[in-house]
Amino acid sequence: MANHHVNPVASQDTETLVKRLAGPSTGKAGLAKDQTETNRIIAEASKGSKFYENEKKKDKDLTGRIEKILKQRDDVLRGVDIKTVEQSADRLIAELESYRDLSQIIVHVDMDAFYANVELLDNSDLEGKPFGVGHGVLTTASYEARKYGVRSGMPGFIAKKLCADLVFVKNHFSRYMEMSKVVMSVFKRYDPNLLAAGCDEAYLNITTYCESHGLTAAECVQEMRRIAFQETKLSASAGIAPTKMLAKICSDKNKPNGQFELPSNKESILSFLHDLSIRKIPGIGRVNERLLESIGIQTCGDIFIHRATIFLMEKQFGRQYLFRTYLGITSNVVEPMARGGRKSIGAERTFSSLSDKGKIFNKLDEIAVELEKDMEENGWAGRTVTLKFKLDTYQVFTRAKSFDRWISRKEDLYTTGKELILPEFPLTIRLIGLRVTKLKDLRAPSEPTNGIKRFFEPLQSGQPRKKAKLEQGETDMNFIGYDTALDDDLEDVMPGFHENDENDHHLDQEIVETLVPETNLIARQCATIPRPPAPTPSIHSSLMKVDAKQHLASSSISGPSSSRTIKPHSLSDTARPTMSPAGDPGQILKTGVETHACPICGKTLRTDNQGINSHIDFCLSRGAIREARDEARTAKKATFSGFKLTDKGKEKGRK
DNA sequence: GGGTGACTCCTGG
DNA sequence: TTCCACCAGGAGTCACCC
Ligand SMILES: Cc1cn([C@H]2C[C@H](O)[C@@H](COP(=O)(O)OP(=O)(O)OP(=O)(O)O)O2)c(=O)[nH]c1=O
Ligand SMILES: [Mg+2]
């Protein structure tokens with residue numbers, strides 16, 4: 001040991017691993033007194049567990065992945081004139097700048113410690129005490145508990161270590177839904193067209209409300225929060241800004257029970273973003289944070305510094321996504337999701353590890369019963385059944401089967417699940433789940449958006465493939481075309497550059513199709529809803545439409561006539577309030593891909609390196625003989641340590 | 001070549 | 001007492017089909 005650290009854990013674990021173990025929702029509001037001490041306790045408590053080993057492996061895989069990225073970066077940067085590339089990037093950025101729209105007042109409201117504060121309503125004994133909601137893993141924690149570093153998603157036993165006096169409270173999901181409805185109904189008074197982005201948060205466009213009531217944005221939001229509190233005794237925090245993304249970031253600034261307004265001008269926005277950690281950007285999670293960090297990007301301001309690298313590595317990093325993030329030019333459209341709502345419905349359960357076939361089938365049976373009930377109660381059927389299982393090593397796998405008929409009965413679910421897991425034995429699992437996709441809305445026939453569905457029974461879900469295809473290679477909000485002169489300029493540095501050109505002018509139509517496959521009805525309705533005028537109407541609408549779909553995508557809201565923001569049925573306390581998360585800009589990192597045969601089972605593996613490695617690990621973990629193991633290890637090393645780029649998409653694009 | 005199914009990864013509440 | 005949940009969506013890749 002060359003170095004003597006103050007802290008024995010930190011000297012053994014890498015920094016990244018310690019951070020990883022601290023969980024996904026660190027850096028959140030409710031500051032712990034000492035983050036490194038907290039992390040130390042967490043790492044200490046985790047040490048040696050299977051969970052810990054799995055996290056360690058994931059951390060290692062990611063580190064390997066980063067090495068490849070860096071290698072690619074060096075290749076791409078070799079011999080090019082940085083200044084020239086930067087000029088190209090600058091032109092793209094200038095082009096994007098022209099789309100800035102500061103005309104709207106967008107608000108993001110988010111309830112404070114939602115589940116915890118609802119629990120507080122019903123149990124005043126908890127007042128002032130540090131407590132966590134949930135057993136096993138916490139869904140959230142009271143602000144008193146957060147002072148000790150207790151967080152959402154944290155296992156109870158670690159939380160207890162951080163705070164010895166911690167009290168545990170059970171979840172009451174139906175109660176949360178109930179309060180969610182009340183709160184949303186208050187918000188709706190300020191924008192009837194609001195976008196519910198979860199059971200405790202919503203986006204609003206208050207431009208017209210402020211105008212017609214002669215209020216400033218801050219006054220309006222202050223009043224809204226006051227009334228919400230009056231009617232529910234629950235506090236909320238809010239952000240005010242010209243776009244949804246900025247508003248969301250702002251709503252965290254003065255949490256709890258506060259609000260923050262970002263002045264609506266370019267200078268304020270740029271300086272606000274300049275020192276902001278990239279991790280605060282919705283869509284950039286733990287992995288992308290590390291990926292970006294590896295090329296020197298930690299704050300939004302760093303995006304500009306490294307614009308040349310980003311510009312040349314479109315395949316790895318979403319260029320327009322990052323540049324637009326840097327500029328703060330993102331969607332400002334707030335409208336309820338068009339009908340199309342749910343994409344999947346499922347159930348899964350964790351238990352103490354099981355190997356016995358009969359016992360596992362019993363668990364599967366319970367899941368099937370539960371899922372059937374849920375589907376029945378909410379009126380769904382589907383064509384694809386996906387089995388999910390987690391080994392006692394914490395590796396997760398899925399197996400799927402599709403039908404040409406609608407599945408909803410328990411018996412079908414169970415038999416399919418059984419059929420899917422049977423070839424996997426022997427194995428030891430700690431979780432099993434079923435999920436049904438390609439949904440059909442059994443309650444749809446009466447709804448206006450359903451159109452011809454009634455006669456042809458097409459798939460309920462839209463055509464995500466088409467959408468993906470359309471925007472592929474542009475990653476996120478990158479449908480904005482730049483002029484062709486720029487393209488030509490880039491052609492020599494950036495082959496395969498044109499892949500989306502021919503699509504650009506079809507965009508508007510494509511989007512309408514995506515939103516409402518059958519009739520167009522909702523799209524038309526949305527289009528005619530009077531909204532404050534935007535400076536560049538055509539661009540505004542196309543920009544925002546795409547954005548609404550992908551930057552802030554989907555929630556289970558129905559069309560204008562019915563308002564199904566919330567599950568309409570009484571919810572048992574075991575069922576969670578589900579509303580699709582909004583704010584997913586998609587994957588930023590794209591992976592190079594190879595195919596290979598598994599050295600153990602011989603099966604052709606068609607996936608990326610991680611998939612291959614995990615498959616091999618899987619084969620190993622289910623009891624392959626020692627010889628095979630060694631062989632596999634060496635084969636694995638030989639085959640996958642070098643990064644062969646067989647980018648099919650690129651070849652296609654060039655043809 | 002485009003559509004589809006199976007699978008994995010990433011993110012967020 | 002709780003020993004790392006459960007729900008959901010987007011995206012990307014492969015093989016396979018026509
Ligand atoms: C983050 C997270 C939230 N939830 C639930 C519980 C939360 O109360 C609810 C809302 O999520 P959040 O709004 O992320 O968290 P919060 O409202 O508890 O705290 P705050 O907004 O003040 O930071 O969603 C989970 O079940 N699992 C999770 O991992
Ligand atoms: Mg909240």
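Atoms considered below: every heavy atom in the structure, side chains included; atoms not considered: hydrogens, waters and symmetry mates. Just so we're on the same page: letters track the sequence lines, and every chain starts at 1.
Between A/R349 and the phosphate of C/dC7, there is a side-chain N or O to OP1/OP2 separation shorter than 4.0 Å. Within the structure, a side-chain polar atom (N or O) of A/R430 is placed less than 4.0 Å from OP1 or OP2 of C/dC4. Taking only side-chain nitrogens and oxygens, A/T350 comes nearer than 4.0 Å to OP1 or OP2 of C/dC6. Taking only side-chain nitrogens and oxygens, A/R342 comes nearer than 4.0 Å to OP1 or OP2 of C/dA8. Put simply, A/K438 has a side-chain N or O that comes within less than 4.0 Å of OP1 or OP2 on B/dG5. Side-chain nitrogen and oxygen atoms of A/N288 include none within less than 4.0 Å of the OP1 or OP2 phosphate oxygen of B/dC10. At least one side-chain nitrogen or oxygen of A/T398 sits closer than 4.0 Å to the OP1 or OP2 atom of B/dT8.
Note on A/G153: a base of the nucleic acid sits closer than 4.0 angstrom, heavy atoms only. Among the heavy atoms of the strands, none lies under 4.0 Å from A/S49. No engagement by A/K388 is indicated, since no non-hydrogen atom pair under 4.0 Å with the nucleic acid exists. When heavy atoms are screened at a 4.0 angstrom cut-off, A/I158 is found touching base atoms of the nucleic acid. The residue A/Y394 sits close only to the backbone: its heavy atoms come under 4.0 Å of sugar-phosphate atoms, none of a base.
For A/K58 and B/dT8, the NZ to P distance is 14 Å, given to the nearest whole Å. Between A/K248 atom NZ and B/dG12 atom P the separation is 8 Å, expressed in whole Å.
More than 12 heavy atoms of other residues, nucleotides or ligands shown are found within 6.0 angstrom of CD on A/E53.
Residue A/C199 comes nearest to A/S180 through the heavy atom pair O-OG, 2.7 Å, listed as atom of the first residue, atom of the second, then distance.
Between A/R175 and A/E178 there is a salt bridge, since at least one side-chain N of the basic residue sits less than 4.0 Å from a carboxylate O of the acidic one. A salt bridge links A/K255 and A/D112; the closest N-O separation between the charged side-chain nitrogens and carboxylate oxygens is under 4.0 Å. Between A/R349 and A/E370 there is a salt bridge, since a side-chain N of the basic residue sits under 4.0 Å from a carboxylate O of the acidic one.
For B/dG13 and C/dC4, the P atoms lie 24 Å apart once the distance is rounded to whole Å.
Nucleotide C/dC17: paired with B/dG2 (Watson-Crick or G-U wobble, both distances less than 3.5 Å).
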